[in-house]
Participant: 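Questions regarding the structure given below will be posed in turn.
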Amino acid sequence: MALLNYPSLYWLFLKNRIKILMEYRMNFLIGATSTIMIQGAGLLTVWVIMSQIPDLNGWTLPQVLLIYGLITLSKSINHMFADNLWTLGRDYVRTGAFDRFMVRPVDPLFHLLADRFCHDGIGNFLVGGVLVAIAAARLGIVWTPGVIVYFAVMVLSGGVIFIALNLMTCVSAFWIMDSVPVTRVVFEMHEFAKYPLSIYPRAIGLLLTWAIPFGFASYFPATRLMGLETPLWQAYGAPLVAAVLLAVALAVWRFGLRHYGSTGT
Amino acid sequence: MIEAVNLTKVYHIPDKDPGVRGAVKALFRPRHTSKTAVKDVSFAIEPGEIVGYIGVNGAGKSTTIKMLTGILVPTGGQVRVLGRDPHRERVANARDIGVVFGQRSQLWWDLALRESLTMVGRIYEVDDARFQRLISEFSETLELKELLPIPIRNMSLGQKMRAELAATLIHEPRIVYLDEPTIGLDLLVKERIRAFIKRINQEKGTTVVLTTHDLGDIEELCRRVLIIDNGVLIYDGSLETIKQRFGKYREITFETAADLNGLDVPTGADVLEKGGRTLSLRFDRTQTSASRVSASIMSQIEVIDLSLKEPDLSMVVKQIYQGGLKETA
Ligand SMILES: Nc1ncnc2c1ncn2[C@@H]1O[C@H](COP(=O)(O)OP(=O)(O)OP(=O)(O)O)[C@@H](O)[C@H]1O
Ligand SMILES: [Mg+2]
């Protein structure tokens with residue numbers, strides 16, 4: 001299929017997905033409510049900790065909230081558009097459903113992602129947005145066009161970092177069927193990136209910068225937005241990091257597909 | 001149109017000892033057993049043919065179909081479909097073929113059939129006018145009309161298969177691969193599906209490759225059959241030929257009053273099955289006769305009942321699977 005036709009095909013998938021979700025309205029509401037509640041619980045923890053210790057290694061509550069909000073936003077992008085990567089092994093490779101993608105004239109990765117837009121991510125997106133808005137107001141960040149563009153680019157890059165890491169790890173499904181444990185190990189590292197990296201031992205900071213670079217999705221752009229001194233590569237590195245990571249992930253994906261061609265299910 | 005030359009597929013199945021220790025060991029020292037699922041299979045299929053591909057469970061039918069459709073890469077040999085390598089030119093190949101996997105659906109469980117078909121149509125870039133024309137065509141040939149508003153999850157098995165066929169043919173592929181399209185269906189639905197397959201073959205010249213365990217499908221649809229056994233192609237030829245070759249055999253079954261111990265088998269007959277008090281023999285009509293075989297048995301033991309079976313395809317295939325073809329070839 002020509003590249004040009006992919007957006008309209010995605011839109012068709014999305015419309016039908018929403019149609020299904022509307023049919024299961026109860027599910028939809030429960031899903032949305034539960035994500036918001038989970039988010040709420042996470043936030044409450046931050047709140048409680050922060051109110052006990054008024055500053056976390058010198059970080060104020062609004063500053064932590066900005067970091068927390070940023071990572072929540074990028075995570076929600078992954079959650080909405082790429083959640084199906086989690087189920088590649090269980091729902092597609094094991095069942096043989098992946099064979100269907102191989103006999104259709106579209107890209108199998110596109111097909112996999114388009115197959116299930118995940119509405120649960122919308123709740124996360126909203127929570128992230130509200131957090132950032134509150135934090136920005138308390139920190140006195142002014143939303144000039146420049147800041148808005150910077151912010152959008154950072155959130156998108158963060159989303160791509162999440163997706164690329166999940167893509168890389170989900171490819172293991174082509175070998176071991178159930179890729180969830182592998183994906184989870186890497187994915188859960190983002191928990192560290194909900195807080196300032198400076199509070200951790202050096203090794204963790206390095207890990208989240210160079211190996212599993214969630215730092216570029218939260219801490220680095222946040223310090224820049226707060227107007228703290230941030231090295232240029234940290235402040236503007238996210239798009240480059242995201243692009244490199246995505247390129248690597250796509251290569252890994254293609255390698256996995258080749259393996260699938262020789263083993264099947 | 002479809003050409004397979006020395007097609008071979010070897011699967012590597014990892015050996016795993018149970019438990020965590022086994023898993024860790026497998027990680028460092030992977031060992032595996034090789035399983036040759038398809039071995040040196042060659043055939044050529046011409047445009048417009050309906051070819052039946054048969055064999056027992058695990059013979060290698062689905063594996064062959066997966067190589068023909070481009071899902072799997074052959075371990076050895078070559079496939080060409082419409083002059084292309086179906087795996088390397090996956091997308092171009094996909095436009096020209098349709099595939100039914102009888103065991104699973106390609107449609108969206110929760111969507112009404114009409115919506116599912118629209119999605120499939122868009123995936124294949126079928127333009128609106130053609131799409132509408134095909135829908136109304138299928139409404140007639142597959143009696144699809146009443147199914148269009150129903151989600152797949154609410155369909156019976158037979159309705160699902162009709163929906164599946166519509167989805168497979170919505171881009172009017174030149175070749176369709178049907179891997180067990182009649183599995184689990186009742187006789188009436190089977191008849192309909194067969195009629196439909198015959199129709200698209202005759203009206204559109206669609207080439208059909210069909211695997212099945214139902215010999216009724218074969219008898220009704222295929223002039224040519226390929227028989228695969230344990231990964232090896234043991235027969236490629238007309239259905240008529242095997243029927244004739246094995247048509248000279250008859251099967252006769254006796255039910256006896258006493259146990260069968262020490263019975264002499266009459267000349268020209270072979271034992272097919274021997275139970276406590278039942279005996280099935282196969283004999284060659286050109287060498288002996290039903291009366292001679294039964295007379296010989298009756299002279300040895302009292303026969304309560306006896307039945308003679310005309311050769312049908314299932315009997316023929318049973319013999320071939322048991323090695324009968326090699327004997328007589
Ligand atoms: N992905 C796989 N990995 C390992 N072995 C496999 C795989 N797929 C099939 N096999 C093995 O290869 C052989 C051929 O299987 P295949 O599915 O092609 O048979 P089939 O003729 O389609 O059988 P059936 O009539 O039961 O559908 C079997 O022994 C099967 O166990
Ligand atoms: Mg099979």
Side-chain angles (χ1 to χ4, degrees), chain A residues 1-25 27-28 91-111 114-117 172 174-178 181-182 254 257-265, chain B residues 9-14 16 23 26-27 30 32 37 62-63 65-75 86-88 90-101 103-112 114-116 118-125 151 153 167-168 171 173 177 179:
Chain A
M1 174 172 282
L3 214 56
L4 222 65
N5 294 333
Y6 275 106
S8 79
L9 186 59
Y10 191 89
W11 177 235
L12 180 68
F13 270 77
L14 188 63
K15 270 194 303 199
N16 280 319
R17 174 82 186 143
I18 290 168
K19 229 178 256 172
I20 294 172
L21 290 174
M22 286 301 125
E23 217 181 297
Y24 291 93
R25 211 161 294 152
N27 267 356
F28 182 83
D91 291 354
Y92 292 90
V93 177
R94 193 201 301 271
T95 60
F98 199 76
D99 283 349
R100 181 53 61 186
F101 295 170
M102 301 301 283
V103 295
R104 283 183 171 163
V106 290
D107 184 77
L109 179 57
F110 168 83
H111 205 318
D115 227 26
R116 196 168 62 89
F117 169 83
S172 59
F174 292 127
W175 280 265
I176 57 173
M177 299 272 180
D178 190 5
V182 181
R254 278 192 292 270
L257 270 191
R258 271 205 299 281
H259 181 77
Y260 185 80
S262 66
T263 57
T265 44
Chain B
K9 183 74 208 177
V10 180
Y11 289 114
H12 297 286
I13 308 154
K16 261 193 235 147
L27 202 61
H32 47 73
S62 297
T63 304
I65 300 280
K66 283 182 189 174
M67 289 191 281
L68 297 182
T69 51
I71 295 168
L72 289 181
V73 189
T75 314
H87 185 78
R88 232 181 272 145
R90 194 186 68 75
V91 172
N93 180 60
R95 287 181 202 287
D96 282 327
I97 67 164
V99 193
V100 169
F101 296 109
Q103 322 248 25
R104 50 187 124 96
S105 174
Q106 63 168 305
L107 299 170
W108 288 264
W109 194 242
D110 290 314
L111 278 182
R114 183 186 289 284
E115 258 102 49
S116 266
T118 306
M119 299 246 277
V120 177
R122 285 282 293 282
I123 286 171
Y124 285 96
E125 299 176 280
R153 63 162 192 273
T168 303
H171 61 294
Y177 302 94
D179 195 353

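Quantities reported herein were computed from a predicted structural model and do not represent experimental measurements. Within every chain, numbering begins at 1; the chains are lettered A, B, ... in the order of the sequence lines, protein sequences first and strands thereafter.
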Participant: I'd like to know whether CZ of B:Arg88 has more than 12 heavy-atom contacts from other residues, nucleotides or ligands below 6.0 angstrom.
Facilitator: no
Participant: Give, as side chain, backbone, both or neither, the part of B:Trp109 having an atom under 4.5 angstrom from any heavy atom of chain A.
Facilitator: neither
Participant: Under 4.5 Å from any heavy atom of chain A, what part of B:Arg122 do you find: side chain, backbone, both or neither?
Facilitator: both
Participant: Can you tell me which of A:Met102, A:Arg104, A:Lys19 forms the most heavy-atom pairs within a distance under 4.5 Å of chain B?
Facilitator: A:Arg104
Participant: Verify the neighbour count for atom CZ of B:Arg114: are there more than 12 heavy atoms of other residues, nucleotides or ligands below 6.0 Å?
Facilitator: no
Participant: Indicate, with yes or no, if the rings of A:Phe174 and A:Phe98 have centres closer together than 6.0 Å.
Facilitator: yes
Participant: Let's test your reading of the structure: which of B:Ile97, B:Val91, B:Ile13 forms the most heavy-atom pairs below 4.5 Å with chain A?
Facilitator: B:Val91
Participant: Specify whether A:His259 and A:Trp175 have parallel, tilted or perpendicular ring planes, treating 30° as the upper limit for parallel and 60° as the lower limit for perpendicular.
Facilitator: parallel
Participant: Hey, would you say the A:Tyr92 and A:Phe101 ring centroids sit under 6.0 Å apart?
Facilitator: yes
Participant: Is it the side chain or the backbone of A:Leu12 that comes within 4.5 Å of chain B heavy atoms, both, or neither?
Facilitator: both
Participant: Looking at chain A, which one of B:Gln103, B:Glu125, B:His12 has the largest number of heavy-atom pairs inside 4.5 Å, strictly under?
Facilitator: B:Glu125
Participant: May I ask you to name which of B:His87, B:Arg95, B:Lys9, B:Met119 has the most heavy-atom pairs under 4.5 Å with chain A?
Facilitator: B:Met119
Participant: So, A:Arg17 and A:Asp115, do they make that salt bridge, N to O below 4.0 Å?
Facilitator: no
